**Q** 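Have a look at this one.
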Protein chains: 2
Amino acid sequence: MGPRTVKSEQLQARERELIETALGIMEQEGTSGLTMDKVAARVPYSKGTVYNHFRSREDLLTSICNASMETLVELFTRAIGFQGSTRERLLAVHYAYLLHALLDPTQFMLVISAKTANLIERTSERRLAAHHELEGRLMGPMLELVDEAIAAGELTPAPHLDRRQIVFTNWAGSFGVISLLINSQDQCSAREDLDAGTELFNHVNLLLDGMQWRPMSSDWHYDQTLKRIGAEIFPGESTLIDTP
Amino acid sequence: MGPRTVKSEQLQARERELIETALGIMEQEGTSGLTMDKVAARVPYSKGTVYNHFRSREDLLTSICNASMETLVELFTRAIGFQGSTRERLLAVHYAYLLHALLDPTQFMLVISAKTANLIERTSERRLAAHHELEGRLMGPMLELVDEAIAAGELTPAPHLDRRQIVFTNWAGSFGVISLLINSQDQCSAREDLDAGTELFNHVNLLLDGMQWRPMSSDWHYDQTLKRIGAEIFPGESTLIDTP
DNA sequence: TTCGTCAGTGACGAATCGTCAACTTACCAG
DNA sequence: CTGGTAAGTTGACGATTCGTCACTGACGAA
């Protein structure tokens, strides 16, 4: 190993340290409470050094979002391994997504702001490339699941829907339900009493029934499946979700 | 009319002027470019007067969001008036939502940030009340549409879905699809080539087929319906949407 | 020992937020 | 007409925050 490698490793370790610190601040004070000065103050390095790693505050935010997506990849991988039909395994992925959002709503919401034009402009190319690669790693397993389902004869997509569209529509539905309900500590007239878990699985089952991904929900008790997913795949975290 | 009423009208007029100005700035420079100083600079009043109307920058943002929702109520009302089955009229509402998002993506995205804990804390009670009232006015027409569909025998909801859940799942699906695709000037691996209009109506039709809202998409050409909606209800704006 | 390199530092200028003491205006009573 | 009070307006100000850049000093090479 040359010295350059060693140094690069040190740099990566420090970058992880900075991101960890930033996560701590965000947990306590939310996204708007995350400040470059605060990060620098909590770390044995100066502000200049922090800016040596992150071009801007937005660059740091994208990094945090990426870190969050890495843990999500881990959860998705676990979920795909569920023993069951392809539709059950897809439900497990949605379960993982919900769990991820409940475990850290602030990080979950970062995904949206990461799409803002303003944020993209101020983020380094390197970081954006990593972000796109992570999106691919998230979508990949679901694409394979769709292929498996088609091969197994459990799904026969309509001609106007390709595999990417099927994956996207799943993602979008999950994202919409969760993002609208995750912050509902406020008593909104339209959303009071709505539980994120209940509405998420209602939504996904309607979607999958709509595309006739077998077994249809009229032929299978997916409530049981959800209980199994919680118990078998996410035994530690599943207390966050009430399965009906 | 007493003088108090006159003065109150003046205040309201000025508030509209301030919001208009803020909208202009947001159009040019995005949400992050909206600054209280810039608003004050573009207006014949001083910063202190601006702060007399809005408790904080976040209060102003919520006001802008509310204004945006008012125009949305208008669009929804037009949409509900479409001549057709209840399912076609619901499609018209989704069409209106998409149109609204395409006409002003920045305002559309405000709805999410308006749910942030940080933003709610810094917003005045009065403004929050107006926000909730507007949500009710948005959901109301859709709730009635669901009731009509049930009465007409076109929809027989599963026992575990009440009217509010049906409306919510529609909203969430639309919101998820649009918010993920609206900012896709960036070439994301998973979203390239995906068109907001196409994916939105795919998603909604899957959802409505899943809950068996008749006529099912296998029994009706909803592409034709979309063309009609564009031509009859939104003749001016519909050029923004390619109906397939 | 001396010198060059380069990561690290933190003081700094600019921009922004929200406040407040001073100021202006409107209006009314005497 | 005059003086006074209340209400509304102003912009300078302190506090934060962002991102930069001239300076520092540690370390290895000669």
Side-chain angles (χ1 to χ4, degrees), chain A residues 1-18 21-22 25-26 28-64 113 116 118-125 127, chain B residues 1-15 17-18 21-22 25-26 28-64 113 116 118-127:
Chain A
M1 291 277 185
R4 207 167 49 206
T5 306
V6 169
K7 181 148 55 170
S8 159
E9 278 171 11
Q10 282 179 353
L11 284 185
Q12 280 201 346
R14 196 163 58 187
E15 195 153 309
R16 272 194 297 275
E17 184 184 353
L18 291 171
T21 305
I25 296 174
M26 273 187 55
Q28 294 173 12
E29 317 191 37
T31 304
S32 65
L34 177 63
T35 285
M36 297 303 263
D37 294 81
K38 285 182 194 163
V39 174
R42 286 203 193 186
V43 127
Y45 318 108
S46 75
K47 189 149 76 148
T49 301
V50 176
Y51 271 95
N52 235 358
H53 285 269
F54 306 102
R55 167 183 300 182
S56 63
R57 177 175 181 271
E58 287 74 16
D59 199 35
L60 174 58
L61 284 176
T62 303
S63 299
I64 294 172
S113 31
T116 310
N118 185 279
L119 204 137
I120 291 175
E121 283 168 13
R122 303 174 104 89
T123 299
S124 67
E125 300 301 327
R127 209 81 59 183
Chain B
M1 291 281 184
R4 208 167 47 207
T5 306
V6 170
K7 179 148 56 171
S8 158
E9 278 170 12
Q10 283 179 354
L11 284 184
Q12 280 200 346
R14 197 165 57 185
E15 195 154 308
E17 183 184 354
L18 291 172
T21 305
I25 296 174
M26 273 187 52
Q28 294 173 13
E29 318 191 37
T31 305
S32 65
L34 176 63
T35 286
M36 297 303 262
D37 295 80
K38 285 182 194 164
V39 174
R42 285 203 192 186
V43 127
Y45 318 108
S46 75
K47 189 151 75 151
T49 301
V50 175
Y51 272 95
N52 235 357
H53 285 269
F54 306 102
R55 166 183 300 182
S56 62
R57 177 175 182 271
E58 287 75 16
D59 198 35
L60 174 59
L61 283 176
T62 303
S63 298
I64 294 172
S113 32
T116 308
N118 186 278
L119 204 138
I120 291 176
E121 284 168 14
R122 304 174 104 88
T123 298
S124 67
E125 301 300 327
R126 191 167 55 87
R127 209 82 56 184

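Proteins come first, then strands; the chains are lettered A, B, ... in the order of their sequence lines, and each starts at number 1. Note that the structure is a prediction, hence the values are computed from the model and not measured.
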**Q** Are any of B:Asn52's side-chain N or O atoms less than 4.0 Å away from OP1 or OP2 of D:dG8?
**A** no
**Q** Quick one: is C:dT9 close enough that its OP1 or OP2 comes under 4.0 Å of any side-chain N or O from A:Thr49?
**A** yes
**Q** Ignoring hydrogens, what is the shortest heavy-atom contact between A:Glu17 and A:Pro44? Give both atom names and the distance.
**A** OE2-CD, 3.6 Å
**Q** Atom CZ of A:Phe54 to atom C1' of D:dC18: distance rounded to whole Å?
**A** 16 Å
**Q** Would you say a side-chain N or O of B:Thr35 is under 4.0 Å from OP1 or OP2 of C:dA15?
**A** no
**Q** If only side-chain N and O atoms of A:Arg14 are considered, is one of them under 4.0 Å from the OP1 or OP2 phosphate oxygen of C:dG8?
**A** yes
**Q** D:dT17 P sits how many Å from A:Glu58 CD, rounded?
**A** 15 Å
**Q** Over all heavy atoms of both residues, which pair between B:Ala40 and B:Ser46 is shortest? Give the atoms and the distance, please.
**A** CB-C, 4.2 Å
**Q** In whole Å, what is the span from the CG atom of B:Leu119 to the P atom of C:dC17?
**A** 13 Å
**Q** Expressed in angstrom and rounded to an integer, what is the separation of B:Leu61 atom CG from C:dG18 atom C1'?
**A** 15 Å
**Q** Start with the C-alpha distance between B:Asn118 and A:Thr31, add both sets of side-chain angles, then the distance that settles side chain to side chain contact (heavy atoms under 4.5 Å, CB included), and finish with yes or no.
**A** CA-CA 9 Å; B:Asn118 186 278; A:Thr31 304; over 6 Å; no
**Q** Rounded to whole angstrom units, what separation is found between the OH atom of B:Tyr51 and the C1' atom of D:dG11?
**A** 13 Å
**Q** Closest heavy-atom contact between A:Arg127 and A:Glu15?
**A** NH1-OE2, 2.7 Å
**Q** Please name the nucleotide paired to D:dA30 by Watson-Crick or G-U wobble geometry with both distances under 3.5 Å, or report none.
**A** C:dT1
**Q** Over how many whole Å does the gap from A:Asp37 atom CG to D:dT20 atom P extend?
**A** 14 Å
**Q** Quick check for you: among D:dG19, C:dT16, D:dT9, whose closest atom lies nearest to any side-chain atom of A:Arg57?
**A** D:dG19
**Q** Could you state the atom-to-atom distance from NE2 of B:His53 to C1' of C:dG18 in whole Å?
**A** 16 Å
**Q** Just compare D:dT20, D:dT9, C:dG18 and give me whichever is closest to any side-chain atom of A:Lys47.
**A** D:dT20
**Q** Check the distance between D:dG11's P and B:Met36's CE and give it to me in whole angstrom.
**A** 16 Å
**Q** 5'-most contact on DNA chain D: A:Leu34 or A:Gly48, nearest heavy atom basis?
**A** A:Leu34
**Q** Taking all non-hydrogen atoms of both residues into account, name the closest pair between A:Gly33 and A:Ile25 and its distance.
**A** O-CG2, 3.7 Å
